[in-house]
Engineer: 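The structure is given below, and queries will be raised subsequently.
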Amino acid sequence: MKNAVGARESGPVGAPVIREISLQDVKSSLAAGWADFRAHPGFGLFFGGIFMLGGLLILGFLSSIGSPWMIIPLAIGFPLLGPFVAVGLYEVSRRRQAGEPVTRQGVLAEVFYQRERQLGWMAFVVMFIFWVWVYQVRLLLALFLGFKSFSSWDAFVQVVLSTPEGWGFLGVGTLVGAFLATVLFSTTVIALPMLAEREVDFITAMITSVSTVVKNPAPMLGFGFVVGLVTLLALIPAFVGLLIALPVLGHATWHLYRRATMPG
């Protein structure tokens, strides 16, 4: 059913059954994500542009307060704060897969409709993990580098790459960051598209997401590695790469969700 503005009022109820998938499913999902982007690039560029603009605003703010080096932890975490934006990408993929019209009114209505559903709670979970990530960076800076102030990105890189303290910060920070990224990925990769499609509480969605990763560790963590690598590379050219990378990954996440689950 749809409401007056075109959003679905309900979807399947309850948690889906988890399937076993392979690395081929990951490859096929990425290919399907690219196909969705090519079929409807306007939606992808719009949602990707939101992330790119946000990254540039963050960089401008950090430069204005003399902390440009903080762009790395913030930039890595920033794309993880857009579950409501991701819904738009999921909806494009869902409609295209179901053979339904992909309209601007319908897709945006679905995005706004999520404020009445459980996805909002999931946003708080993502935000919490993001802030843990930011604060652990600051804690490690204090432990390894003291309370030094870096006036420029070049000064920060020089200290991190040329001193024993910097190497320690880089090594421990990478391990801690990898752990937090794995936790965040495991709790959200299936939960976000599941909450966008189904009438289910966010706790059930998180449990289903983690269970899917546990049941399919190689393909799911392989997909997580691809997501992390592509996102990092997309950040290099002044965030411009996010215009394409994030929409394709968003579409691919939907297709992986559909491959990894079936109606319960």
Side-chain angles (χ1 to χ4, degrees), residues 11 16 18-19 21-52 55 76 78-104 106-108 110-111 114 119 122 126 181 184-198 205 208-209 212-213 216 218-237 239-262:
I18 301 172
R19 291 171 167 157
I21 60 173
S22 66
L23 291 173
Q24 182 58 44
D25 289 299
V26 174
K27 182 179 179 180
S28 297
S29 296
L30 290 168
W34 174 243
D36 285 348
F37 175 78
R38 290 185 62 187
H40 299 282
F43 287 103
L45 293 174
F46 171 74
F47 291 121
I50 294 175
F51 287 114
M52 187 188 75
I76 291 174
F78 174 74
L80 303 175
L81 301 180
F84 287 99
V85 175
V87 168
L89 299 170
Y90 302 153
E91 182 65 6
V92 170
S93 294
R94 186 197 70 79
R95 286 171 176 258
R96 186 163 183 261
Q97 193 173 45
E100 299 178 10
V102 181
T103 64
R104 181 172 55 185
V107 171
L108 294 181
E110 187 67 20
V111 173
Q114 294 302 320
L119 198 67
M122 199 69 218
V126 176
L184 182 59
F185 173 80
S186 299
T187 55
T188 59
V189 61
I190 297 298
L192 291 177
M194 180 177 166
L195 287 170
E197 181 195 35
R198 291 173 170 266
T208 302
S209 189
T212 303
V213 174
N216 302 282
M220 294 303 296
L221 293 179
F223 180 69
F225 176 78
V226 171
V227 170
L229 179 61
V230 171
T231 301
L232 280 175
L233 293 176
L235 295 174
I236 295 175
F239 300 92
V240 174
L242 297 179
L243 278 172
I244 297 177
L246 290 184
V248 172
L249 293 174
H251 290 309
T253 299
W254 169 264
H255 289 286
L256 189 64
Y257 157 70
R258 294 302 297 266
R259 286 175 174 271
T261 63
M262 58 184 176

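What you are looking at is a predicted structure, and each value in this text was computed from that prediction instead of being measured.
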Engineer: Working to the nearest 0.5 Å, report the span between CG of L23 and CE of M220.
Structural biologist: 11.5 Å
Engineer: For a quick test of reading the model, state the closest non-hydrogen atom pair linking P16 to R198 and the distance between them.
Structural biologist: CB-NH2, 3.6 Å
Engineer: Who passes side chain to side chain donor-acceptor pair (under 3.5 Å) against S93, sequence neighbours left out?
Structural biologist: D36, H251
Engineer: With sequence neighbours left out, what residues match Y257 under ring pair (Phe, Tyr, Trp, His ring centres under 6.0 Å)?
Structural biologist: W254
Engineer: Do side-chain atoms of R95 reach the backbone of E100 as a donor and acceptor pair under 3.5 angstrom?
Structural biologist: no
Engineer: State, yes or no, whether a side-chain contact exists between D25 and P219 at a heavy-atom distance under 4.5 Å.
Structural biologist: no
Engineer: How far does CD1 of I190 sit from OG1 of T261, to the nearest 0.5 angstrom?
Structural biologist: 6.5 Å
Engineer: Checking F37 now: which residues fulfil ring pair (Phe, Tyr, Trp, His ring centres under 6.0 Å) with it, not counting sequence neighbours?
Structural biologist: W34
Engineer: Rounded to the nearest 0.5 Å, what separation is found between the CD1 atom of I50 and the CG atom of L243?
Structural biologist: 11.0 Å
Engineer: Could you measure the distance from the CD atom of E110 to the OH atom of Y90? Nearest 0.5 Å is fine.
Structural biologist: 12.5 Å
Engineer: Look only at the side chain of R19 and the backbone of R258, and say whether a donor-acceptor pair between them is shorter than 3.5 Å.
Structural biologist: yes
Engineer: Mind checking what makes side-chain contact (heavy atoms from CB on, under 4.5 Å) contact with S29, not counting sequence neighbours?
Structural biologist: H255, L256, R259
Engineer: Run the side chain to side chain contact (heavy atoms under 4.5 Å, CB included) check on V107 and F47 step by step: do they pass?
Structural biologist: CA-CA 11 Å; V107 171; F47 291 121; 4.3 Å; yes
Engineer: Counting C-beta onward and ignoring hydrogens, is there a side-chain heavy-atom pair between V248 and L30 closer than 4.5 Å?
Structural biologist: no
Engineer: Whether the side chain of T188 engages the backbone of A191 through a donor-acceptor N/O pair (distance < 3.5 Å, no angle test) should be reported.
Structural biologist: no
Engineer: Say you draw a straight line from CG of L242 to CG of L45; how long is it, rounded to the nearest 0.5 Å?
Structural biologist: 12.0 Å
Engineer: According to side-chain contact (heavy atoms from CB on, under 4.5 Å), who are the partners of I18, at least two apart in sequence or on a separate chain?
Structural biologist: T208, S211, T212, K215, N216
Engineer: Between S209 and S186, is there a donor-acceptor pair closer than 3.5 Å when you use the side chain of the first and the backbone of the second?
Structural biologist: yes
Engineer: Got a sec, which residues hit side chain to side chain donor-acceptor pair (under 3.5 Å) with S28, two or more places apart in sequence or on another chain?
Structural biologist: Q24
Engineer: How long is the straight-line distance from CG of L89 back to CG of L249, given to the nearest 0.5 Å?
Structural biologist: 10.0 Å
